[in-house]
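Because the structure is predicted, anything quoted here is derived from the model rather than measured. Here is the naming used below: chain letters follow the sequence lines, and residue numbers restart at 1 for every chain.
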2 protein chains.
Amino acid sequence: MANIDDVAKLANVSIATVSRVFNNSPYVSEKAKANVLKVAKDLGYEPSILARSLAMKKTNTIGLIVPDISNPYYGGVVRGIEDVCNLYKYNIILCNTDNSKDKEIQYINMLKSRWVDGIIFHSSYLSDEVYKIFVDSRIPFVLAGRGTKYDVPYVVIDNKKAAYDATEYLISMGHKNIGIIHGPLEGMRETVDSVDRLMGYKEAMKKNGLEICDELIREANFKAKSGYDATLEMLKSGILPDAVFAISDIMAMGAINAIFDFGLKCPEDVSVIGFDNIDISEITRPSLTTVAQPMYDTGATAAKMLIKIIGNEILDKKNIILKHNIVIRNSCCKFKNF
Amino acid sequence: MANIDDVAKLANVSIATVSRVFNNSPYVSEKAKANVLKVAKDLGYEPSILARSLAMKKTNTIGLIVPDISNPYYGGVVRGIEDVCNLYKYNIILCNTDNSKDKEIQYINMLKSRWVDGIIFHSSYLSDEVYKIFVDSRIPFVLAGRGTKYDVPYVVIDNKKAAYDATEYLISMGHKNIGIIHGPLEGMRETVDSVDRLMGYKEAMKKNGLEICDELIREANFKAKSGYDATLEMLKSGILPDAVFAISDIMAMGAINAIFDFGLKCPEDVSVIGFDNIDISEITRPSLTTVAQPMYDTGATAAKMLIKIIGNEILDKKNIILKHNIVIRNSCCKFKNF
DNA sequence: GTGAAAGCGCTAACAG
DNA sequence: CTGTTAGCGCTTTCAC
């Protein structure tokens with residue numbers, strides 16, 4: 001491939017002039033510019049971003065660390081990031097960690113030696129070790145989808161409030177025996193979400209003078225099967241729920257199947273509300289009422305923040321809480337005789 | 001950040017020696033090596049992949065062009081690519097095109113000036129223009145998920161055969177009036193898939209001596225709603241299908257809803273088979289019998305091919321056809337009295 | 001085994 | 001407006 005020297009020689013100018021042309025410097029005569037452009041085109045010359053990055057110590061590249069891109073949630077987030085990055089002439093290097101701390105560290109180091117301008121980190125958890133590496137590396141970064149005790153930029157939704165709202169929505173329809181299917185409360189994976197959402201549920205119940213019943217609180221693992229099993233156990237436990245809040249859509253679908261297999265109907269006998277608003281939640285039967293997570297916006301906002309930080313702009317807000325909202329479909333209805 | 005000079009000075013060696021140490025050259029004394037490593041660690045030195053890439057004219061980076069990463073299908077493919085790349089110490093730059101030819105071209109040029117070692121291109125169509133750009137750029141590339149008339153490496157499934165098999169599966173259960181919901185047959189988007197699958201359907205019908213009825217062939221656009229509408233029209237057309245083949249799972253779900261709303265049951269009255277085997281096809285009711293596309297393998301295989309090409313290895317096969325398979329669940333049953 | 005020096009392709013003073 | 005030159009951080013001959 002032709003390089004800057006080739007162009008300079010053939011155009012009878014110095015490489016500085018060629019460089020100026022390709023950087024839209026105003027200090028080039030129209031004549032020289034036209035000539036350089038012509039020669040460049042003939043030669044099929046494109047400036048090497050690599051060499052430019054080395055010279056400028058700026059790569060216009062952003063590292064992106066997520067657990068698993070094959071999960072539609074992350075797909076949505078990443079799409080938001082990429083769109084914004086593309087707008088600002090950044091490109092992204094994608095890394096999948098499966099939430100493994102080792103992989104996270106390995107990737108951060110790789111991105112560092114690639115001189116990325118910044119990193120967007122979306123993991124189920126920001127460990128102390130990873131936090132330290134970030135700080136030591138001095139690479140600008142923002143956390144997506146996850147808050148932290150550390151004073152770093154992040155963009156999240158208010159999981160507790162979202163769960164509170166979901167529960168209160170159920171309560172507003174007259175339901176009293178409200179069950180919850182949550183995820184693991186210990187270990188790394190998605191733990192924080194589970195804890196926060198369970199808290200929001202409990203708070204809503206208390207605030208509304210409803211009894212919190214252990215039989216109606218069940219742990220699952222975010223898979224459909226686990227949601228199914230947990231719901232079935234709940235139904236069989238003796239105290240029948242009139243509504244169930246599953247903290248993910250997939251588990252909610254498992255819950256609906258369980259209700260059906262138990263011989264009841266959803267929403268007539270038991271209402272179900274989910275969380276996430278994944279694509280298919282609107283085509284299932286019944287279509288799923290759910291708490292919508294702004295996946296795309298989470299990514300887009302994180303990218304905007306990071307690009308600002310990279311450009312040394314001041315953030316008006318270091319921590320952004322995106323709004324969730326309840327998408328009302330057909331899996332919830334009013335309590336009988338309410 | 002410390003660079004190679006800093007390390008060399010502090011370790012009292014030349015930068016050549018430092019370089020040798022970090023490239024595992026055998027021609028370094030144990031003593032020097034240990035010393036360099038120690039100093040490097042103290043300084044937190046990591047070789048700059050950027051500078052190395054410039055010097056070696058090799059970036060260990062692969063460009064990845066897909067229509068839309070928020071689509072779970074591409075998420076699966078990309079995950080396969082990333083896993084293989086990671087194994088071979090490559091990293092990926094992700095680009096979303098929404099199947100826009102302009103964006104494809106823009107991204108290819110960008111990747112070229114970033115000196116990526118190769119590109120994996122997954123689009124609904126390889127246009128003549130894009131093909132030419134690829135060839136002119138001399139960048140190694142492989143097509144994923146899509147064949148072409150050109151002599152370039154690609155990895156695909158046999159869409160026609162897959163549709164043939166799906167149809168024959170239905171036939172083997174005694175169904176005769178078999179409908180198909182296909183996608184657009186003209187324009188860019190997903191056209192090739194539609195054409196091939198429709199062809200496979202027709203071939204299977206003919207081979208088995210079944211009549212091909214225009215009323216049972218309906219076009220939709222891969223959305224659930226369109227699958228729903230197309231199916232409803234088909235049901236209302238007078239000639240009732242005993243089975244429907246929808247060429248995507250999402251449309252298949254729309255079809256099932258339509259059958260239900262029409263007052264019939266799936267699979268008892270009308271069997272439905274889908275295509276893709278997306279995650280949720282196993283949790284819907286009825287769970288969906290479908291043709292499984294090897295998403296992860298498509299990506300993984302494409303990545304392996306590309307890495308071989310980059311390494312100047314000879315490919316045993318330039319075009320790889322991955323096996324599809326039918327995942328039997330509950331949306332198909334035998335024809336009454338069969 | 002080790003070091004000096006010439007690139008890799010580009011940007012950015014600086015001098016004219 | 002334009003050219004010269006010194007880097008950016010690393011690899012790789014070629015001597016010693």
**A:Asp6: side chain to side chain contact (heavy atoms under 4.5 Å, CB included) partners, not counting sequence neighbours** = A:Ala2, A:Asn3, A:Leu43

**Item:** Non-neighbouring partners of B:Asp117 that pass side chain to side chain contact (heavy atoms under 4.5 Å, CB included), sequence neighbours left out
**Value:** B:Lys58, B:Thr59, B:Asn60, B:Tyr90, B:Ile310

**Complete:** At a 4.0 Å cut-off to heavy atoms of chain B, the contacted part of DNA chain D spans D:dG9 to D:dT13

**Asked** Is it true that B:Asp128 and B:Lys132 have a side-chain N and a carboxylate O under 4.0 angstrom from each other?
**Response** no

**Item:** Results of side chain to side chain contact (heavy atoms under 4.5 Å, CB included) for B:Arg52 - residues two or more places apart only
**Value:** B:Asn23, B:Pro47, B:Met56

**Fill in**
Residues of residues 14-21 of chain A with a heavy atom under 4.0 Å from any atom of DNA chain C, listed by number, are A:Ile15, A:Ala16, A:Ser19, A:Arg20

**Message:** Using a strict heavy-atom distance below 4.0 Å, which residues from residues 22-35 of chain A are in contact with DNA chain D?
**Reply:** A:Tyr27, A:Val28, A:Ser29, A:Ala32

**Complete:** Under a 4.0 Å heavy-atom cutoff, the residues of residues 41-61 of chain A touching DNA chain D are A:Leu54, A:Ala55, A:Lys57

**Complete:** the helix from C:dG1-D:dC16 to C:dG16-D:dC1: angle between terminal helix axes, five bp per end, to the nearest 10 degrees, reads 40°

**Request:** Any pair with a residue in residues 129-159 of chain A that passes ring pair (Phe, Tyr, Trp, His ring centres under 6.0 Å), sequence neighbours left out, goes on the list, sorted by first then second residue, please.
**Result:** A:Phe121-A:Phe134, A:Tyr131-A:Tyr150, A:Phe134-A:Phe141

**Message:** Strictly below 4.0 Å, N to O, side chains only: are A:Lys112 and B:Glu46 in salt-bridge contact?
**Reply:** no

**Item:** Partner residues of B:Ala51 under the side chain to side chain contact (heavy atoms under 4.5 Å, CB included) criterion, sequence neighbours left out
**Value:** A:Leu54, B:Ser48

**Request:** Walk along DNA chain C from 5' to 3' and tell me the first and last nucleotide with an atom closer than 4.0 Å to a non-hydrogen atom of chain B.
**Result:** C:dG1 to C:dG9

**Fill in**
B:Lys318 meets the side chain to side chain donor-acceptor pair (under 3.5 Å) criterion, sequence neighbours left out, with B:Asp151

